[in-house]
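First up is the structure itself, then whatever we jot down about it.
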Number of protein chains: 2
Amino acid sequence: MKNKKSIKIENIHPGLSVDCVLFGFDNNELKILLLKLKSIEKWALPGGFVEKDKDVSEGTNSVLKERIGLENIFLKQFYLFGNVSRNENSHTKLLIEHKIISEDLREWFQQRFVTVGYYALVEYSKVKETTVDFISESCEWHSINELPEMILDHKKIILKAHQTLKKELNSEPIGLNLLPKQFTMPELQALYETVLEKKLDRRNFSRKMLNYRILIATNQRRAGVRHKAPKLYEFDEIKYNQAILDGFNSVW
Amino acid sequence: MKNKKSIKIENIHPGLSVDCVLFGFDNNELKILLLKLKSIEKWALPGGFVEKDKDVSEGTNSVLKERIGLENIFLKQFYLFGNVSRNENSHTKLLIEHKIISEDLREWFQQRFVTVGYYALVEYSKVKETTVDFISESCEWHSINELPEMILDHKKIILKAHQTLKKELNSEPIGLNLLPKQFTMPELQALYETVLEKKLDRRNFSRKMLNYRILIATNQRRAGVRHKAPKLYEFDEIKYNQAILDGFNSVW
DNA sequence: GCAAAAGTGTTAATGGTACACCCATGG
DNA sequence: CCATGGGTGTACCATTAACACTTTTGC
């Protein structure tokens with residue numbers, strides 16, 4: 001299955017896979033990191049299998065490292081996709097026909113799989129020189145609004161991840177790991193608007209954000225724009241992480 | 001594995017189990033439905049395995065029906081527990097020693113399992129005459145504050161279910177399926193206080209609840225109390241279910 | 001100087017918090 | 001008639017929504 005330290009299927013947890021929805025933000029668009037499979041005109045979420053002696057979350061991190069060279073991503077488990085209908089043997093057939101996997105793995109690949117969905121927010125610019133593994137030919141960001149043809153139920157997985165993310169915005173901040181270290185208030189707002197898919201009032205947004213007390217105003221401004229230069233902010237990481245733990249807007 | 005239409009382990013999805021946290025409300029306490037295992041002084045969440053040709057959610061419903069005779073419960077998936085450390089072979093040993101499972105299933109039971117947690121809210125009084133399957137000797141409600149000795153990580157699963165439930169109260173109502181058809185405002189409040197583990201102001205609670213517009217005031221009152229008889233309410237099921245879908249208290 | 005977008009302010013409506021007071025009931 | 005708990009009201013405060021006006025910048 002793997003190129004370097006080849007993993008034996010006997011050591012892999014049967015019938016279980018993981019899939020990661022990596023969200024990035026660029027050009028006022030929400031983007032997802034996808035892998036183009038070799039020989040097939042379809043894309044896939046970075047994902048893979050978990051070894052029997054590894055925790056699922058740990059295994060998921062290993063998968064990301066091995067498939068696209070990303071380490072230490074904060075992943076959040078959001079759902080287990082366990083419908084029978086998500087398994088499609090035509091997919092395995094193609095993989096074998098194109099010699100991406102060998103014939104003797106046919107049976108193993110054709111077993112019924114359930115998959116655990118994880119998502120993470122990653123800074124777009126940091127994921128430029130990713131490596132890809134031997135079953136993928138490239139790794140690219142795609143706008144969530146213009147997804148290419150994808151294998152299995154990967155589009156559904158992305159949809160569910162996006163829904164979960166939207167809902168979490170009601171009780172948690174977003175932005176750290178998704179924006180560069182320094183950013184302007186309008187940039188942060190654009191991120192929120194993109195994730196939520198709706199316009200927000202500029203003035204109310206700013207006030208509300210500042211009231212959360214997770215931002216540090218620097219005394220620098222973003223220069224070179226043909227209008228008033230906006231202030232640069234940073235997240236107060238201590239308070240930001242505390243807010244993630246405690247949650248905002250608790251009603252009871 | 002099963003008594004009547006015996007399920008063959010070849011047809012079961014390997015390494016995957018489901019566990020159900022059934023919440024009930026009685027005597028101002030939050031209770032969990034637990035099964036007492038035969039021959040072992042430990043209790044377990046009702047749970048089991050999923051057949052290869054069944055959706056996980058469907059399989060979970062079947063498990064509940066087969067183990068405790070409950071049907072048509074609205075189950076909510078909340079987490080996949082996938083740590084290696086949750087597997088304990090001493091448990092399998094005991095099951096075999098006490099002939100609850102046969103020797104030839106040892107290997108199958110000793111494989112590493114991940115388990116999907118589901119929870120549901122069920123009306124306490126409706127679950128009186130539950131049947132139990134052949135590996136359990138009884139089925140009882142236990143206060144979440146006084147849980148008996150439990151197998152594996154089942155206490156952790158209950159804790160996580162409770163945390164999830166608390167968090168969901170910020171965006172969804174609770175009570176339908178957990179209270180009888182008619183209930184008083186103080187009873188509803190007691191439910192909220194129990195789940196949230198905190199006291200709420202009587203007058204503000206009532207106003208807020210009524211503002212959600214999911215209650216129907218009947219013109220009856222709960223008689224026989226030695227103080228002013230409280231009004232009886234019912235949930236407007238249409239609006240209640242709509243509220244579950246739409247969510248309350250969206251901040252953006 | 002003008003367009004574009006940032007920064008700041010104001011106001012009304014809403015909802016939450018923290019109370020006080022009266023009412024019905026059984027003992 | 002009184003203790004107990006239910007029902008209703010109110011005043012204050014914080015937050016939200018919907019706005020107007022001023023400031024800075026590049027061209």
Side-chain angles (χ1 to χ4, degrees), chain A residues 27-28 169-173 175 179-180 182-194 196-234 243 246-252, chain B residues 27-28 166 169-173 175 179-180 182-194 196 198-234 243 246-252:
Chain A
N27 196 233
N28 282 358
L169 279 202
N170 283 318
S171 60
E172 291 171 19
L179 291 173
Q182 299 200 324
F183 52 88
T184 68
M185 192 62 82
E187 283 161 6
L188 182 57
Q189 182 180 342
L191 168 60
Y192 269 76
E193 290 181 340
T194 302
L196 294 164
E197 299 174 298
K198 63 153 88 167
K199 287 282 160 203
L200 303 172
D201 183 273
R202 184 171 63 86
R203 298 150 287 193
N204 295 334
F205 178 84
S206 168
R207 189 180 7 235
K208 191 163 178 169
M209 230 19 173
L210 291 172
N211 277 341
Y212 285 155
R213 315 236 162 254
I214 56 171
L215 295 180
I216 300 170
T218 70
N219 40 23
Q220 295 151 267
R221 286 166 182 273
R222 168 94 71 231
V225 282
R226 53 192 263 272
H227 54 76
K228 187 167 181 175
K231 277 187 194 166
L232 286 170
Y233 292 88
E234 291 175 11
D246 298 345
F248 285 148
N249 306 110
S250 167
V251 298
W252 294 109
Chain B
N27 196 233
N28 281 359
K166 273 192 197 179
L169 279 203
N170 283 318
S171 59
E172 291 172 18
L179 291 174
Q182 298 199 327
F183 51 89
T184 67
M185 193 61 83
E187 283 161 6
L188 182 57
Q189 183 179 340
L191 168 61
Y192 269 75
E193 288 181 341
T194 302
L196 294 164
K198 64 153 87 167
K199 287 281 160 205
L200 302 172
D201 183 274
R202 184 171 63 88
R203 296 149 288 193
N204 295 335
F205 177 83
S206 168
R207 191 185 4 237
K208 192 162 176 169
M209 228 27 179
L210 291 171
N211 276 341
Y212 284 155
R213 317 235 161 255
I214 55 171
L215 295 181
I216 301 170
T218 70
N219 39 25
Q220 295 152 266
R221 286 167 183 273
R222 168 94 69 230
V225 284
R226 53 191 265 273
H227 54 74
K228 187 168 180 176
K231 276 187 195 165
L232 286 169
Y233 292 89
E234 291 175 11
D246 298 347
F248 284 149
N249 306 109
S250 167
V251 299
W252 293 109

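Just so we're clear, the structure is a prediction, and the values are computed from it rather than from any experiment. The sequence lines fix the lettering, A, B, ..., with proteins before strands; numbering per chain opens at 1.
Annotation for B/Asn204 and B/Arg207: closest pair OD1-NH2, 2.7 Å, computed over non-hydrogen atoms. In this structure, A/Gly175 and A/Leu191 approach most closely via the heavy-atom pair CA-CD2, 3.7 Å. The two residues B/Lys208 and A/Val251 make their nearest non-hydrogen contact at NZ-O, 2.7 Å.
To the nearest 0.5 angstrom, B/Leu169 atom CG is 8.0 Å from A/Trp252 atom CH2. Distance CG/A/Leu215 to CE/A/Met185: 5.0 Å, rounded to 0.5 Å. Taking CD of B/Gln189 as the reference point, atom NZ of B/Lys199 lies at 7.5 Å (rounded to 0.5 Å).
No side-chain heavy atom of A/Asn249 sits under 4.5 Å from any side-chain heavy atom of B/Asn249. Taking the side chain as every heavy atom from C-beta outward, B/Glu193 and B/Phe205 never approach each other to under 4.5 Å. A 4.5 Å side-chain heavy-atom check between B/Asn211 and B/Arg213 finds at least one atom pair inside the cut-off. At a threshold of 4.5 Å between non-hydrogen side-chain atoms, the residues B/Leu200 and B/Lys198 count as touching. Proximity of B/Asn170 to A/Asn170: side-chain heavy atoms (C-beta onward) are nowhere separated by under 4.5 Å.
To the nearest angstrom, C1' of C/dG16 lies 14 Å from CG of B/Asn170. Note: NZ (B/Lys199) to P (C/dA18) measures 16 Å, nearest angstrom. Rounded to whole angstrom, the span from the NZ atom of B/Lys208 across to the C1' atom of C/dG15 amounts to 9 Å. Regarding A/Glu187, its CD atom lies at a distance of 14 Å from the P atom of C/dA5, rounded to whole Å.
Defining each end axis of the helix from C/dG1-D/dC27 to C/dG27-D/dC1 as the rotation carrying four pairs' C1' atoms onto the next four, with five pairs an end, the two axes are found to diverge by 0° to 10 degrees.
Of the two residues near DNA chain D, B/Val251 and B/Pro186, the one whose nearest nucleotide lies more 5' is B/Pro186.
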Distances under 3.5 Å between protein N/O atoms and the N/O atoms of nucleotides 8-12 of chain C, please, pair by pair.
residue	atom	partner	partner atom	Å
C/dT10	O4	A/Arg207	NH1	3.4

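The footprint of chain B on DNA chain D, defined by a heavy-atom cutoff below 4.0 Å, extends from D/dT4 to D/dT10.
Of the residues in residues 210-227 of chain B, those placing a heavy atom less than 4.0 Å from an atom of DNA chain C are B/Val225, B/Arg226, B/His227, in numerical order.
Pairs of residues two or more places apart, or lying in two chains, that qualify as ring-ring contact (aromatic ring centres under 6.0 Å, His included) and include a residue from residues 209-233 of chain A are A/Tyr212-A/Phe248.
Every residue two or more places apart in sequence or in another chain was checked for a side-chain hydrogen bond (donor to acceptor under 3.5 Å, both in side chains) with A/Arg202, and none qualifies.
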